[in-house]
Structure formats: structure tokens, C-alpha cells
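These numbers come from a predicted model, not from an experiment. Order of appearance sets the numbers: ligands from 1, and atoms from 1 within every ligand. Along the sequence shown, the residues carry numbers beginning at 1.
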Amino acid sequence: MTVAKDSFVAPKEHFSRASHVRSLEDYQRLYRQSLEAPEAFWGVQAQRLTWFHPPDSVREMNAEQVDFSWFGGGKLNVAYNCVDRHARERPGKTAILWAKNEPGEYQAITFRELQHHVGRMANVLKAHGVRKGDRVCVYLPMIPELAYTMLACARIGAVHSVVFAGFSAESLRERILDSGAKVLVTANEGPRGPKSVPTKAIADEAVEGLTQVTSVLVAQRTPREVPMVEGRDFWLNAEMARHRGVCPAEWMDAEDPLFILYTSGSTGKPKGVLHTTGGYLVYAATTHHYVFDVRPDDIHFCTADLGWVTGHSYLLYGPLANGTTTVLFESTPSYPDAGRLWKVVDDVKATVLYTAPTALRALIKEGDAWVKKSSRKSLRLLGSVGEPINPEVWRWYHDVVGEGRCPVVDTWWQTETGGILISPLPGATPCKPGSATLPFFGVEPVLMDDEGRVIEGNGVSGNLCLARSWPGQARTLYGHHQRFVETYYSRFPHLYFTGDGCRRDEDGYYWITGRVDDVLNVSGHRLGTAEVESALVAHEAVAEAAVVGFPHDIKGTGVCAFVTVKPDWLETSTEQMVGALKEQVRHVIGPIATPDRVVVVNGLPKTRSGKILRRMLRKIASGETESLGDTTTLADPAVLDELLEKSLPLR
Ligand code: WT7
């Protein structure tokens, strides 16, 4: 499929006049330079940061060991760069604008205040035995203490591992164990929309019997009382009040770890993606600067939770490194009604909105009136992230939300990449709705065929890989370097394999077509089918489970589970079984993984050698029953009839 030239949306002239990169030609020139002389290019970008000691080298690597190093010899501190230097230059400027769960309730935290809170928090962590290199697990709702904790860890050289507060106790426990954290920071509860997440109760369950965790620090978000374990649990607010706001910033090596963030892969076990200090911050700051075309008076509204990488790079680190005011949104776009996002935009006078297609799709369904009754005149730029944005949704974002005034940047990247790799530069790149367009500076995409050959030229599709290193890339999987090598650098030797399929069109534009591995992108979140399957088979009734994705109006991809039950459970009603199994996944992984459909069958489609025919299940779940392909490989053809019959009512 080729795309007609007329589908280009030209850069907005008013925007180009003032943007950092003003034309496609300027982008192309800079891009060429960044590939021809990467050391010079990144050496200049590194000057965005304040270094205690400048780097001796820009880039070093050992391709055999899959070992990358950026800005070697450089000493810096992330909290110093994100807080202190701005606190000195513009102390009264708002650093974090907290939009609380209840509409109309806001709290502005200036850079000076942020510095004090972070210093206090850092001293609290030290008092609880946290030293440089130690891991701190953070299980907090979207409250300022979450930002304080992350920055406090960075300040003292501790490694944070933030776990999204929608994950279950079991998921949290698994992550605490893998990272070896000895301190857990949580809250009594986390109001979110009409509900509240019982974070402390979940944390209690997660650390039960774990001697590894010596302190649990509990932020008090609401007056609600929660049981506290003597000697282990401490009220964070009281602890912070006991400590000074002054805490020296540790001199960190550029390659010292900054954080671990767990993400799903194609096996059952989440991967602890490790990012380091210098390269990560240079990359987050540089991409934030160019892709969001930063202006000094920006109010940057990224709707992601800090528990995901989008929150790490473009809610916290990127914006704060650049001295930008960032919005911390505790609620959801639909609370108390579908006008909430636009109310926040108007209330805080957001200039940049960065959100996910799944949120836009949900809002589109509620009708344009919610959008139109808001002003939105503060907005100048719109961003999208997390999953492919459907061209119609892109148009709606551009025409209705942005009233045709604001460029839209569709940004492609991953937890492992640390920052945006493929995206338009607003003001420079002509867009095509649905395409993430062109690579960022220093990024070299390569398409590979399944046989491991490079696919040259335009108008082609293949497996998306990246040649050469970029400063923001993950260095390893925490404690499992061999798994890092196998997952990302073995499918195509010397290339980083993204796991995404991709088309490069006639104009050289990139179109991400979705995952080519057993990973689902559900509402912009990654979910391994193997993880959901192991949660299902952990239920006493389940004999076998196979999980596949199917196209879903709002989530992008929905989760469909096919299960067989053990003989003792055959009498249980289907309705009861389906309810119990949805609850099972919710309980084991968290609400985000809850299957949209559970189909209980007598047998799964298998080959004669016993391999489950997932491709067939995917087609059935997607309603593409006309094109099931070769069904003669089925060991038991009767299985198919039952599957078709039971899946039909789902359509
Ligand atoms: C996967 C990474 C990047 C932060 C949020 C998700 C998909 C991400 C796009 C986009 C098409 C996208 C890819 C990628 N993805 N952004 N703009 N267009 N697909 O991070 O959880 O690590 O997921 O999200 O499939 O591999 P993540």
C-alpha cells in the first residue's frame, strides 16, 4: 500500500516561525550530521545538563558484550539537574502543578519548594538505611510524594523501581524480590476517579514475610486510617518533618544506574529494564526539547502515570531537566465526566498535551460537545504515545481538540529506549496521520526480514530494528544481562530488535504496525500473553489456557482467553467460571490485564505434535473466521467446530 502525497499535513507556518527546527530541510541536515558525527552531536546535547565533572568521552561500546557507555568519566546528579539549578535561577517558578482527583483542586509546587521536599525525602531514605546503589521500590498513586521519592533516590544515588499502583500484590512482590529493594514507599490509599486504590493494604500483602524489606514509608493522602506494623511502617509525612531539607547531591558516574522499570515480554516473567544516569537524562532532555519544542513558559501536561516510562521521561525527568512546569494529574479523563481532561487543560492553561490514543478513542465516543465547551486556547502542541494512532483519531485530535492550530506529534518509543525514537518535529516535519514519520537525531532504524536480511529502500515492511546505540537506551535487564542480550540482540546480531513490525512507505515514513511477538498492547500498556496464561493456569479449575489479542474499539487490543477446565469443574456454569477467571487475572496481575473475553472450551486447537495454534485462535478472536488458513494440521478437527460456535456470540 502506498500513500498519496496529498495525505501530508504540512507544518503550521505560525509554529515553524518560532520552532527550534524550522523546516524539513533543517531536520534532514541536522539528522545527517547526527549520524555522520554522533560524538559531536551528542557532545553538544550533553551541555544541556550541568556536569560536576565533564565527560571524558561521548560514546564507547563493546558490541560483543552488548555493553554501551555514554558520557564516560562524566559526573552529574539527576536531581541537581532537575531541581537545584532551577531552584537557584528561578526559585518561584512552578515545577510541579498537581491536579488532584477532585475537579478544581490544584497545588503548585515551586522549584524552591521541590528542592526542600526532595532534600527532606532524601534524608528520610538515608535514615532508613538507603545508600548509593540500593534499590527503593515505589508503589504510590499520582501524588507529589511520588515525584519527591524518585528525585530523592536520584539525589542520593539510590535506584528507584516504580511499580504502577494498578498492579496487584503478587506483581508488586515479584518486582520487590527481583530488584532486592529494602525500602518500600507507599500511601494509605490512592483516590482515582470515583474509586480509591487500597495501596497500603496491597503493599502489606506484597511484603508479608519478606525480611528483605526493612522499612515501609507510608504517605498519608487521605485521613483514612490503615494498620501500621510497629518497627516496619512509618508515616512519611512525620518522617519528612523530622529531617532537614538540605541534602548534598551525590556525584554519580554517567553510567551509574538511575532506575529500574519492569515491563512485559514474551515470557511469563516481567523484565527489569535498567536505565543509567547521564545518557538517559541527556536523551530525555534533548527529545523533550525538540519533540515538544520547549518554550520557557510551557505548561507541559503529560497524562501518563509516573509508573510507566512515559511518566518517567516526559512527565518528570525530561521537562524538569529543561526547567519546564509539569502537570501531575491524579484523576482520570472521565472523572467526574468526559469533560475532565479539557477542564484541566483550561484550568492549568496547558500549552502541551501528551496522551494516548486509547484515551482519545474513549473521549471521541462521548461526543465532541465535551471538548467544544472548553476553551483550549492555551494549547499549542498535541502529542500521542503508546500505540498506533488510527488516522481518524489523529484527525479528530488535530481538527477538534486542536482546532487545526496545533501540530500533532505521534511519538514511537519503548520502555527500553528511554525516550522518543521516531516522531515528527513540530514545525518541521510534514505529517501523515497514523505515521510516527521520521527518526529522531542519532537514531537509525533498519527493517529486517524474517530470514535476517536487511530490507533496503522504500515501500517495504519488516521487523523494526535499530542500528547503533543512542544515549537513552537501556543498558541491561537488572541482574539478567544474558536475558537482555538474548531478548534484544540475538534475533538480528548487532541490531537492537524492538519487537515491532513496521512499514517504510514510498516517502521513507515509518508506520508501526504493532508487535510481532507474544506481547499485546492493551490501552497503550504492554502485556505478555504468557503472563496472563500463567495467571489463569494458577487457578485450580484451569487445565490449559491460551491468550490472544483482538481488535478493540477503545483499548486498541483486547485480551481474549481460551481455557479448558479440569474434569472436577465441568459442572460449574460457564458464567460463574468466566467471572472467576476474570477475577483471577485481576487478582494475580492487576485490573489492566483483566481479559475482555474468556471462552471455556473442551479442547484447544493443537497440531499433532501438541503445539497450540495461536494464529488460528487470533483469527477466531478477531472474527476473521473466513481465513483460518490450513486447518488440516489440527490433531482434532472437532475442536474447531466448538471454537467457532462458542466464539460466535462474542461478535
Ligand atoms: C510499545 C512499547 C513508549 C512509551 C509507552 C509504551 C507501542 C508505543 C507507539 C506509537 C505505534 C507505539 C509499540 C512499542 N508503541 N508508541 N507512537 N505508535 N506504536 O511503552 O510499554 O514499553 O510499549 O508500544 O508496540 O513497542 P511500552
Between ligand 1 and the protein, find all N/O pairs closer than 3.5 Å and give the distance for each.
from, atom 1, to, atom 2, distance (Å)
ligand 1, 15 (N), Gly386, O, 3.3
ligand 1, 16 (N), Gly386, N, 3.1
ligand 1, 17 (N), Asp410, OD1, 2.7
ligand 1, 17 (N), Thr411, O, 2.7
ligand 1, 18 (N), Glu387, O, 3.3
ligand 1, 19 (N), Pro388, N, 3.4
ligand 1, 22 (O), Thr415, N, 2.8
ligand 1, 22 (O), Thr415, OG1, 2.6
ligand 1, 22 (O), Arg526, NH1, 2.8
ligand 1, 24 (O), Gly386, O, 3.2
ligand 1, 24 (O), Asn521, ND2, 3.2
ligand 1, 25 (O), Asp500, OD1, 2.7
ligand 1, 25 (O), Asp500, OD2, 3.2
ligand 1, 26 (O), Gln414, NE2, 2.9
ligand 1, 26 (O), Asp500, OD1, 3.2
ligand 1, 26 (O), Asp500, OD2, 2.7
ligand 1, 26 (O), Arg515, NH1, 2.8

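- Few gaps surround CG on Asn458; more than 12 heavy atoms of other groups in view lie less than 6.0 Å from it.
- With sequence neighbours excluded, the residues satisfying side chain to side chain donor-acceptor pair (under 3.5 Å) with Thr303 are Thr355.
- Within the 3.5 Å criterion, the main-chain N or O of Ala304 finds no donor-acceptor partner in the side chain of Thr310.
- In this structure, the side chains of Val371 and Arg376 come closer than 4.5 Å at one or more pairs of heavy atoms.
- Applying salt bridge (Lys or Arg N to Asp or Glu O under 4.0 Å) to Glu387 and the options Lys555, Arg361, Arg515 leaves one that passes, Arg361.
- With a 4.5 Å cut-off on side-chain heavy atoms, Leu527 and Val519 do not count as touching.
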